[in-house]
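Structure, as structure tokens:
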Amino acid sequence: VAKDGGRNGFRYFTPALQEVAQTRMRLANDLHDALPGHQLEVHYQPIVHLASGTVRKAEALLRWHHPSRGMVSPAQFIPIAESTGLIRDIGEWVFQQAMAQVAHWRAVHDPGFNISINKSPVQFRLGVRAHAWPEQLHQRGLPGDCMTVEITEGLLLDASPEVSQQLAQMRQAGMHVAMDDFGTGYSSLSYLHRHPIDILKIDQAFVRDLGPGSPTLALCKAIIRMAHELGMQVVAEGVETPTQRDLLAEAGCDYGQGYLFARPMPAEVLDGWLRERQSLPASND
Ligand code: C2E
Ligand code: MG
Ligand code: MG
Ligand code: MG
């Protein structure tokens, strides 16, 4: 007991904030080497069409294999990449990876395959040329609709003319725009019809507590219905159980993404996963 008390006492006096700041500074320093040092990798998580069980979409999720700390979560290093400006090169690299990958999956798996990439508000602010991504797709002979850009509510909260222009350019080129983490931001619903959004991604916070008769089920149903009436499709994030999947499918949710179906994985692993799945009789998992 005394030992525990002592430890707690010690912890109490640890300048925790300073430690956090120090870790952050070290990570910021190390992050400069991540791209040239080949420490970054893009993983892909399948997005499943709930009614048919088919997979022709995946989300690109960045991974950092730190040389001494092991895997560092994007939740931890993306903010650092943003504050250091490194997000510019890293985001460009993610796009290049995803573009090569979607070309491959369209060739060998499904000609309509689509990959989602996350683009943070800071990336929009740092972006120089709005048409850069559509142009690169075009140069590679890929149609715009092979890619979806995931944005967050915060981007539209005080969307500058430049942001609106970038969104419009991507949309004109056929790229899809998805609202990520829907329901967790602070913005009002009014932005939904003022900006071109194709897909709503219901945040996993709503999916987590889904049960028959639960309040979150009512919320999910309302979101799905509203999205459909506005002409959008719906993806549920963080689907972990068959019950959640069934309730969402019953509520008319179009797609599900989550550990129930598959975790994010390296491209070559998803390659095998897609092949195996294709050869199996249709199933909803
Ligand atoms: P997000 O875009 O909302 O991505 C979904 C997150 O949920 C991913 O976390 C994914 O691994 C996780 N997830 C998927 N299925 C489940 C599930 O069934 N249960 C639970 N508990 N979690 C699940 P991850 O990969 O750690 O990424 C965290 C966030 O980092 C992303 O959230 C996104 O905002 C950001 N991020 C990741 N890659 C990039 C990137 O390339 N660029 C930018 N700007 N942001 C990125
Ligand atoms: Mg996302
Ligand atoms: Mg999300
Ligand atoms: Mg998120």
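Along the sequence shown, residues are numbered consecutively beginning with 1. Ligands are counted one by one from 1 in listed order, and the atoms in each one are counted from 1 as well.
Using a 4.0 Å cut-off to heavy atoms of Asp181, the atoms of ligand 1 that qualify are 3 (O). Shown in contact with Glu240 at under 4.0 Å from a heavy atom are these atoms of ligand 1, numbered in order with element: 17 (C), 18 (O), 19 (N), 20 (C), 21 (N). Remark: ligand 1 atoms within the under-4.0 Å shell around heavy atoms of Val94 are 41 (O). Under a 4.0 Å criterion applied to the non-hydrogen atoms of Val239, ligand 1 contributes the atoms 18 (O). Near Glu59, meaning under 4.0 Å from any of its heavy atoms, are these atoms of ligand 1: 2 (O), 4 (O). Close contacts of ligand 1 with Gln45, meaning ligand atoms under 4.0 Å from a residue heavy atom, involve 14 (C), 15 (N).
Between the CG atom of Leu156 and the CZ atom of Phe124 there is a distance of 8.5 Å, given to the nearest 0.5 Å.
Here Asn118 meets the criterion, with an N, O or S atom under 2.8 Å of the Mg ion (ligand 2).
Looking only at N/O/S atoms, Asp181 comes nearest to the Mg ion (ligand 3) through OD1. Of all the N, O or S atoms in Glu150, the one closest to the Mg ion (ligand 2) is OE1. Glu59 contributes OE2 as its N, O or S atom closest to the Mg ion (ligand 2).
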Donor-acceptor pairs under 3.5 angstrom involving side-chain atoms of residues 23-33: please list them, not counting sequence neighbours.
| residue | atom | partner | partner atom | Å |
| --- | --- | --- | --- | --- |
| Thr23 | OG1 | Glu19 | O | 3.0 |
| Asp30 | OD2 | His66 | NE2 | 2.7 |
| His32 | ND1 | Ala28 | O | 3.0 |

Salt bridge (charged side-chain N to carboxylate O under 4.0 Å, His left out) between Glu250 and Lys221, intermediate numbers included: CA-CA 9 Å; Glu250 247 171 72; Lys221 283 181 175 166; over 6 Å; no
Salt bridge (charged side-chain N to carboxylate O under 4.0 Å, His left out) between Glu92 and Arg88, intermediate numbers included: CA-CA 6 Å; Glu92 212 38 52; Arg88 199 171 181 151; over 6 Å; no
Steps toward side-chain hydrogen bond (donor to acceptor under 3.5 Å, both in side chains) verdict (Glu153, Tyr191): CA-CA 9 Å; Glu153 290 169 295; Tyr191 69 79; 3.1 Å; yes
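In this structure, Gln136 contributes its side chain and Trp133 its backbone to no donor-acceptor pair below 3.5 Å. Using a distance-only test at 3.5 Å, with no hydrogens or angles considered, no donor-acceptor pair links the side chain of Gln165 to the main chain of Pro161.
Of the candidates Arg263, Glu237, Gln204, Gln204 brings a heavy atom nearest to atom 7 (O) of ligand 1.
Residue contacts with ligand 1: Leu62 is placed with a nitrogen or oxygen under 3.5 Å of a nitrogen or oxygen of the ligand (distance criterion only). Below 3.5 Å of separation, one finds an N or O of Asp180 facing an N or O of ligand 1.
Contacts with ligand 1 closer than 4.0 Å are made by no heavy atom of Lys201, backbone or side chain. Heavy atoms of Gln123 found under 4.0 angstrom from ligand 1 belong exclusively to the side chain.
Heavy-atom neighbours of Arg225 CZ from other residues, nucleotides or ligands within 6.0 Å: at or below the threshold of 12.
The ring pair (Phe, Tyr, Trp, His ring centres under 6.0 Å) search around Phe206 returns none, not counting sequence neighbours.
For the residue pair Glu82 / Gln123, no side-chain donor-acceptor distance below 3.5 Å is found, with atom types taken as modelled. Between the side chains of His109 and Asp271, not a single donor N or O lies within less than 3.5 Å of an accepting N or O.
The closest approach between Gly91 and ligand 1 stays at or above 4.0 Å for every heavy atom of the residue.
Angle OD1 (Asp180) to the Mg ion (ligand 3) to OE1 (Glu237): 100°, rounded to 10°.
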